[in-house]
Amino acid sequence: MEQFKTYALMTGLTLLFIWFGGMIAGQTGMIIAFLAAAGMNFYAYYYSDTQVLKHYHAIPVDHNNATGLYEIVERLTHRANLPMPALYIIPEEQPNAFATGRDYEHAAVAVTEGLLHMMTEEEVEAVIAHELSHIKHYDMLIGTVTATIAGAIAMLAQFGMFFGGGDRDRPNLFVTLALMLIMPLAASLIQMTVSRNREFMADAGAARMTGHPEWLQSALAKLDNYARKTVLHDADPQTAHMFIINPFTGKDMSLKQLFSTHPSTEQRIERLEALK
C-alpha cells in the first residue's frame, strides 16, 4: 500500500507539472514538460541517493568500523522487518541524520559524526528508528520527487514566457501570468505539507519501534539546540527536507520558515508526549 501511495503521488505531481507546461505554452509546453518530468523522475529514482551521499561526503561503514552503530541498526531493522540498509557517516559537527534510497533493497542511512558524539545510545537509537520509519513508508522517494517537481515548477514559471508555440497555441496571457505566480506557491505548499506530515509519521513510527517516545523527545530537543549553534557545511536547501532536523535551523530564514519542510520541534515533542 505504501509503495502504491508513493507512485500515485509521483504520478499526480508529474501530471500537475505537465498541465502547467500546457497552460504556459500549450501543446509544445506539455511536450517539453513531459520530457523534463520523465528525465527528472528517472534521475530522482535511480541516482538521487548516490548524489546526495556524495554531496555530503558520506563515508560507508560496516560492522568492522562502526560496531555500535551497526548493532543498533541491525536490531531495529529486525524489529521493523526491514532489510539492513547501507550505513554512512558524514564528517560533520552538527548532529543530524537522513535516510535515502528508492526502496527497501536500495536504502541507506547516514548520520553525522556530531550525532554519534553528542547523543546517548538511546537517543541515537531513536534517531535511527525515525530514519528507518521513513524507509518503511518510502518517504525518501516521495520527498525527493516532491522537491524536484516543486523546483521544476518554479523554474518553469520563471522562464514561462520563453516557452511554447505560436499565438494559437498559447493560453490567455493573464491566465498565464496568474499561474506563473500561483503555481510555484502551490508547489511549495504541497512539498511543505507532504514533508511535515511524513515527519510526524516517522516520529510516531520511531516511538513504536523503540517503545520509548521519550528517547526521541530528548534527541529532538538536543538536535534542535545544536542545529541553532552549529552549521552543516555544504547544506543544500534542496536536500534539507531529508534530515531529521532542518540543517538551516540556526539561520534567519524569515518568511521561508512559513514554508519549512519540518514542523517545529515543539510540535513534534508534543505529539510524542501524547503517545506515552
Side-chain angles (χ1 to χ4, degrees), residues 6-7 9-10 13-14 36-37 39-62 66 69 73 77 82-116 127-155 187-188 190-192 194-196 198-199 202 223 227 230-249 251 253 256 259-262:
T6 300
Y7 293 136
L9 180 58
M10 288 175 61
L13 289 170
T14 300
M40 289 185 299
N41 284 338
F42 179 84
Y43 175 83
Y45 190 82
Y46 286 105
Y47 300 108
S48 61
D49 55 340
T50 303
Q51 188 63 35
V52 72
L53 289 167
K54 181 179 179 181
H55 176 81
Y56 289 107
H57 311 290
I59 301 168
V61 295
D62 55 25
L69 176 64
V73 179
T77 51
L82 286 169
M84 187 73 181
L87 295 182
Y88 292 82
I89 292 179
I90 301 171
E92 285 286 350
E93 181 183 356
Q94 185 188 94
N96 224 320
F98 66 81
T100 186
R102 62 183 183 269
D103 54 33
Y104 295 171
E105 286 69 33
H106 299 88
V109 172
V111 301
T112 65
E113 289 182 342
L115 181 90
L116 299 176
V127 170
I128 295 297
H130 173 97
E131 299 308 329
L132 291 178
S133 185
H134 276 310
I135 293 173
K136 186 82 172 178
H137 297 97
Y138 292 89
D139 292 343
M140 313 89 67
L141 184 58
I142 289 175
T144 298
V145 171
T146 305
T148 299
I149 295 295
I153 287 175
M155 186 182 301
S188 295
I190 291 171
Q191 181 189 7
M192 176 196 73
V194 169
S195 185
R196 287 186 178 185
R198 294 285 167 170
E199 288 303 317
L223 288 166
T230 57
V231 176
L232 183 67
H233 297 96
D234 299 319
D236 184 349
Q238 296 300 317
T239 60
H241 66 278
M242 299 177 63
F243 289 88
I244 185 170
I245 285 287
N246 190 330
F248 296 101
T249 297
K251 295 188 177 182
M253 300 179 69
K256 289 184 179 180
F259 300 99
S260 173
T261 54
H262 292 69

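D236 is not listed as a side-chain neighbour of V52, based on a closest heavy-atom distance of 4.5 Å or more. Here the side chains of L132 and P85 are in contact, with some heavy-atom distance below 4.5 Å. Looking at V111 and L87, their side chains never come closer than 4.5 Å, going by heavy atoms from C-beta outward.
For the atom pair CG of N246 and NE2 of H262, the computed distance is 5.5 Å after rounding to the nearest 0.5 Å. In this structure, NE2 in H57 is found 14.5 Å from OH in Y88, a value given to the nearest 0.5 Å. Taking CD of E105 as the start and CG of L82 as the end, the distance is 9.5 Å to the nearest 0.5 Å. For the atom pair CG (L69) and CG (D62), the distance works out to 10.5 Å, reported to the nearest 0.5 Å. With values rounded to the nearest 0.5 angstrom, E131 atom CD is found 9.0 Å from M242 atom CE.
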request  = Could you walk me through whether F98 and T100 pass side chain to side chain contact (heavy atoms under 4.5 Å, CB included), step by step?
outcome  = CA-CA 7 Å; F98 66 81; T100 186; 4.1 Å; yes
Derivation of the side chain to side chain contact (heavy atoms under 4.5 Å, CB included) call for Y104 and K136 = CA-CA 7 Å; Y104 295 171; K136 186 82 172 178; 4.1 Å; yes
inquiry  = Pair I89, E113 - check side chain to side chain contact (heavy atoms under 4.5 Å, CB included), show working.
reply    = CA-CA 6 Å; I89 292 179; E113 289 182 342; 3.6 Å; yes
request  = Test side chain to side chain contact (heavy atoms under 4.5 Å, CB included) on V127 and L115 and set out the steps.
outcome  = CA-CA 9 Å; V127 170; L115 181 90; 4.1 Å; yes
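In this structure, A108 and I135 approach most closely via the heavy-atom pair O-CD1, 4.5 Å. Residues I90 and A110 approach most closely at CD1-CB, 4.0 Å, considering heavy atoms. Closest approach of T230 to P95, counting heavy atoms only: OG1-CD, 4.3 Å. Taking each heavy atom of A235 and Y56 in turn, the nearest pair found is CA-OH, 3.7 Å. The two residues Y138 and R102 have their closest heavy-atom pair at CD2-O, 3.8 Å.
The local environment of NE2 in H55 is crowded, with over 12 non-hydrogen atoms from other residues, nucleotides or ligands closer than 6.0 Å.
Between the side chain of T77 and the main chain of M84, no donor-acceptor pair closer than 3.5 Å is present. Of the possible donor and acceptor atoms, none in the side chain of E92 sits under 3.5 Å from a partner among the backbone N and O of G114. Between the side chain of N96 and the backbone N or O of I245 there is at least one donor-acceptor pair closer than 3.5 Å.
Under the side-chain hydrogen bond (donor to acceptor under 3.5 Å, both in side chains) criterion, E199 pairs with H130, H134, R268, sequence neighbours left out.
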